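Residue numbers start from 1 in every chain, and the chains themselves are labelled A, B, ... in the order their sequence lines are given, proteins ahead of strands. Not measured: the values here are computed from a predicted model.
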2 protein chains.
Amino acid sequence: MSDGSDLRKRNAERTREAILAAAQDVFSTTPYGEASLKEITHRAGANPALVSRYFGSKEKLFEEALSGALDVGMLTSVPRDRFGEAIAELFTTPSQTRINPLPMLIFSAANKETQAIAVALLHKKIMQPLERWIGGADAAARAAEIMAVSTGFFTFQLILPLQPFQGRADEGVRQWLARSLQAIIDG
Amino acid sequence: MSDGSDLRKRNAERTREAILAAAQDVFSTTPYGEASLKEITHRAGANPALVSRYFGSKEKLFEEALSGALDVGMLTSVPRDRFGEAIAELFTTPSQTRINPLPMLIFSAANKETQAIAVALLHKKIMQPLERWIGGADAAARAAEIMAVSTGFFTFQLILPLQPFQGRADEGVRQWLARSLQAIIDG
DNA sequence: CTCGCAAGTAAATCACAATTTACTTAGCAA
DNA sequence: TTGCTAAGTAAATTGTGATTTACTTGCGAG
């Protein structure tokens with residue numbers, strides 16, 4: 001039976017997961033159009049033809065990769081009165097292990113198909129729960145504001161690098177991030 | 001001689017400008033990879049082969065289009081004590097006439113080449129003059145913060161549409177934008 | 001053991017758009 | 001008027017990468 005410690009060479013489930021993991025890796029560091037299935041499957045030790053078999057298409061693979069990476073818990077697991085501080089700390093502490101979904105979101109701008117996929121998933125997996133967590137009449141606006149600040153920050157930290165946002169960023173930038181985000185939560 | 005009112009059918013200067021204008025139009029509304037030279041030159045009433053002649057390549061055309069669109073005057077022509085208010089008003093007042101360079105910046109994430117082009121132009125045409133206009137020790141950080149907020153806003157207004165940012169946006173969003181930007185200027 | 005099928009592969013196909021090439025034509029100059 | 005050159009065009013070329021196809025092989029059931 002296929003439990004997690006299965007050592008067979010051929011194992012559809014395992015291969016599928018390996019491709020998905022590689023896709024999250026690649027899609028969060030490489031623009032969608034430049035992320036090739038050859039590269040992704042190579043990293044997974046698999047063959048490009050399997051993407052079609054297991055996911056249907058590159059776009060569907062992207063959808064599943066993004067869906068798996070989007071996790072509102074990142075935000076909502078933090079106490080409200082420390083929100084800004086905690087998120088600013090998280091954003092400015094580079095982590096090799098955890099994959100960051102925001103670059104994938106930014107890269108999804110690369111074509112209309114992936115834009116549509118991203119908008120739908122963003123609503124379902126982030127905006128709706130985030131709005132509920134925030135609560136109140138203008139929760140939707142405040143949730144959108146949090147996304148705007150976060151995405152803007154990562155755009156210029158990871159994709160179009162500006163010096164002040166590089167690496168751990170400086171104290172001033174961290175404080176700005178913390179205060180901006182806290183102000184949105186406090187309303 | 002070729003003054004601006006020249007009516008000849010064949011006029012290299014005129015054609016070049018027409019292609020450039022069409023490119024700014026298309027590149028600011030269509031992801032780079034989906035913006036075809038066929039579409040751009042069609043709008044300009046010209047032929048795709050002319051891009052190669054007048055600009056060298058699609059990337060060079062993009063560079064010139066972005067360069068022409070990036071204009072820090074948008075920001076620095078505003079009095080400092082009304083900065084937030086004025087920019088928020090500008091950002092939330094949809095204009096068909098003026099082309100918005102920020103989507104082009106966001107779309108430039110689509111590949112490493114255009115990223116590099118965008119970063120270089122962003123520095124030269126926006127960050128440097130903006131930092132000088134802001135002044136002080138942490139001017140670079142504050143300039144980057146302004147870009148982050150602005151780009152984040154347009155990402156979710158124009159590219160991955162979130163309801164609260166659509167159209168003129170609501171009063172709460174405008175106030176948030178105004179206050180966020182003003183706070184960065186005030187330090 | 002061996003058969004059948006699921007898993008995996010290599011190579012062909014398809015699609016598409018940028019760029020190049022070889023050609024046509026408008027417009028100016030002598 | 002005639003030719004020469006710059007401007008413009010149509011079609012061929014190229015390159016790339018996703019997807020499909022036809023094939024091979026591992027592996028477990030019976």
Practice problem: Could you pull out all residues at least two apart from B:Phe107 that satisfy ring pair (Phe, Tyr, Trp, His ring centres under 6.0 Å)? | Solution: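 So B:Phe107 forms no ring pair (Phe, Tyr, Trp, His ring centres under 6.0 Å) with any residue.
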Return the value, rounded to whole Å, for the distance between atom [atom1] of [X] and atom [atom2] of [N].
X        : N      : atom1 : atom2 : answer
B:Arg10  : D:dC4  : CZ    : P     : 17 Å
B:Arg16  : D:dG8  : CZ    : P     : 13 Å
B:Ile40  : C:dA18 : CD1   : C1'   : 12 Å
B:Ile19  : D:dG8  : CD1   : P     : 8 Å
B:Glu13  : D:dG8  : CD    : C1'   : 16 Å
A:Asn111 : C:dC16 : CG    : P     : 14 Å
B:Leu50  : C:dT19 : CG    : C1'   : 13 Å
A:Asn47  : D:dT24 : CG    : C1'   : 12 Å

Practice problem: Could you check which of C:dA7, D:dT9, C:dA10 has an atom nearest any side-chain atom of A:Arg53? | Solution: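 Within the option list, the nearest is C:dA7.
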Whether [Y] and [X] form a salt bridge (side-chain N of Lys/Arg under 4.0 Å from carboxylate O of Asp/Glu) is what I want to check.
X        : Y        : value
B:Glu171 : B:Arg174 : yes
A:Asp25  : A:Arg43  : yes
A:Arg168 : A:Glu89  : yes

Quiz prompt | Ring centers of B:Phe83, B:Trp133 separated by less than 6.0 Å | solution =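 Close enough - the centres of the two rings lie under 6.0 Å apart.
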Exercise. Validate the cation-pi geometry between A:Lys58 and A:Phe27: distance from NZ or CZ to the six-membered ring centre under 6.0 Å, angle to the ring axis within 45°.
Key: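 No cation-pi geometry.
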Quiz item: Checking all strands, does B:Tyr54 fall into the base, sugar-phosphate, or nothing category for heavy-atom contacts under 4.0 angstrom?
Solution: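 The residue B:Tyr54 makes sugar-phosphate contact but no base contact.
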Exercise. Between protein and nucleotides 12-19 of chain D, map the contacts as a letter string: B base, S sugar-phosphate only, - none, heavy atoms under 4.0 Å, written 5' to 3'.
Key: ------SS
